[in-house]
Amino acid sequence: MVAMAAMAADAQAHADLDLQRVQKEWSARVTAEYRSAALSAQSLHWLIQLGLSPDTIDLGHRIVRDELDHAADSFDVFQAAGGKQRSVLDPHTLHFKQAGKQPLPFQVLDVAASVFCCGETVAVPLFQAMLKQTTAKDARAALKRIVKDEAVHSAFGWSLLDELLELLKDQGRDF
């Protein structure tokens with residue numbers, strides 16, 4: 001009887017640890033998605049300052065909205081896993097650190113390449129891998145939405161890169 005009680009306590013401890021891991025992952029996802037929304041909004045502001053095409057600016061608006069939706073969906077999964085406390089974002093991580101004194105078009109080119117082309121492109125297979133391992137219905141729904149949207153965000157990055165390189169010509173390619 002004592003051995004069975006110990007086994008049950010051990011099983012409960014493992015279940016609690018698994019639940020804590022799920023909560024930690026989805027709490028981190030909430031933070032990451034809000035950070036992505038903030039950085040996308042800053043990028044959108046720059047696109048407007050540069051007078052880029054209305055289609056590019058409209059897609060930038062969609063990306064900000066998508067990232068906020070991803071944060072809300074991730075918070076719902078966090079709560080469904082028993083999470084209670086909303087993450088507090090560090091405001092120092094919610095903007096781009098300017099590298100040097102590059103003119104704005106080159107800063108935007110840097111962000112387009114690093115955040116949207118590389119970051120969003122790499123995110124697609126990572127979220128697809130997470131989706132394959134996920135069984136909880138609400139988490140699967142959130143990940144399906146994220147995978148679908150990240151592909152759009154990646155395509156936006158490559159299109160933005162093309163538009164910026166057209167604007168900056170050889171200087172953009174050299175940069």
4.5 Å side-chain heavy-atom contact, R29 and Y34:
no

Over all heavy atoms of both residues, which pair between E163 and S53 is shortest? Give the atoms and the distance, please.
OE2-N, 2.9 Å

Applying a strict under-4.5 Å side-chain criterion to I, L, V, M, F, W and Y, I'd like to know whether V124 and I146 cluster together.
no

Of all the heavy-atom pairs spanning L109 and L165, show the shortest one and how long it is.
CD1-CD2, 4.1 Å

Answer with yes or no whether the hydrophobic clustering places L126 together with L143; edges join I, L, V, M, F, W, Y residues whose side-chain heavy atoms lie under 4.5 Å apart.
no

Would you indicate whether the side-chain heavy atoms of L39 and V111 approach each other to under 4.5 Å?
no

Any side-chain heavy atom of D66 within less than 4.5 Å of one from R145?
yes

Shortest non-hydrogen contact between G82 and Q23, atoms and distance:
C-NE2, 3.4 Å

Test S40 against S43 for side chain to side chain donor-acceptor pair (under 3.5 Å), laying out the working first.
CA-CA 5 Å; S40 296; S43 298; 5.8 Å; no

Is Q171 atom CD crowded by more than 12 heavy atoms from other residues, nucleotides or ligands, each under 6.0 Å away?
no

Assess whether a salt bridge exists between R21 and E25, defined as any Lys/Arg side-chain N lying under 4.0 Å from an Asp/Glu carboxylate O.
no

Between L160 and L47, is there a side-chain heavy-atom distance shorter than 4.5 Å?
yes

For a quick test of reading the model, state the closest non-hydrogen atom pair linking A71 to V30 and the distance between them.
O-CG2, 3.9 Å

Within the structure provided, determine whether T121 and F116 are in side-chain contact (heavy-atom separation under 4.5 Å).
no

Does any part of the side chain of F156, heavy atoms only, come nearer than 4.5 Å to the side chain of T56, both counted from C-beta?
yes

Closest heavy-atom pair, C117 versus S154, reported as atoms and distance to 0.1 Å, is O-OG, 4.5 Å

Is there a donor-acceptor contact under 3.5 Å from the side chain of R140 to the main chain of L131?
yes

Compare every heavy atom of D73 with every heavy atom of A142, then report the nearest pair and how far apart it is.
CB-CB, 4.0 Å

I'd like to know if the side chain of S74 pairs up with that of E33 as donor and acceptor (distance under 3.5 Å, no hydrogens or angles considered).
no

Could you tell me whether D149 and R62 make a salt bridge, using a distance below 4.0 angstrom between a side-chain N and a carboxylate O?
yes

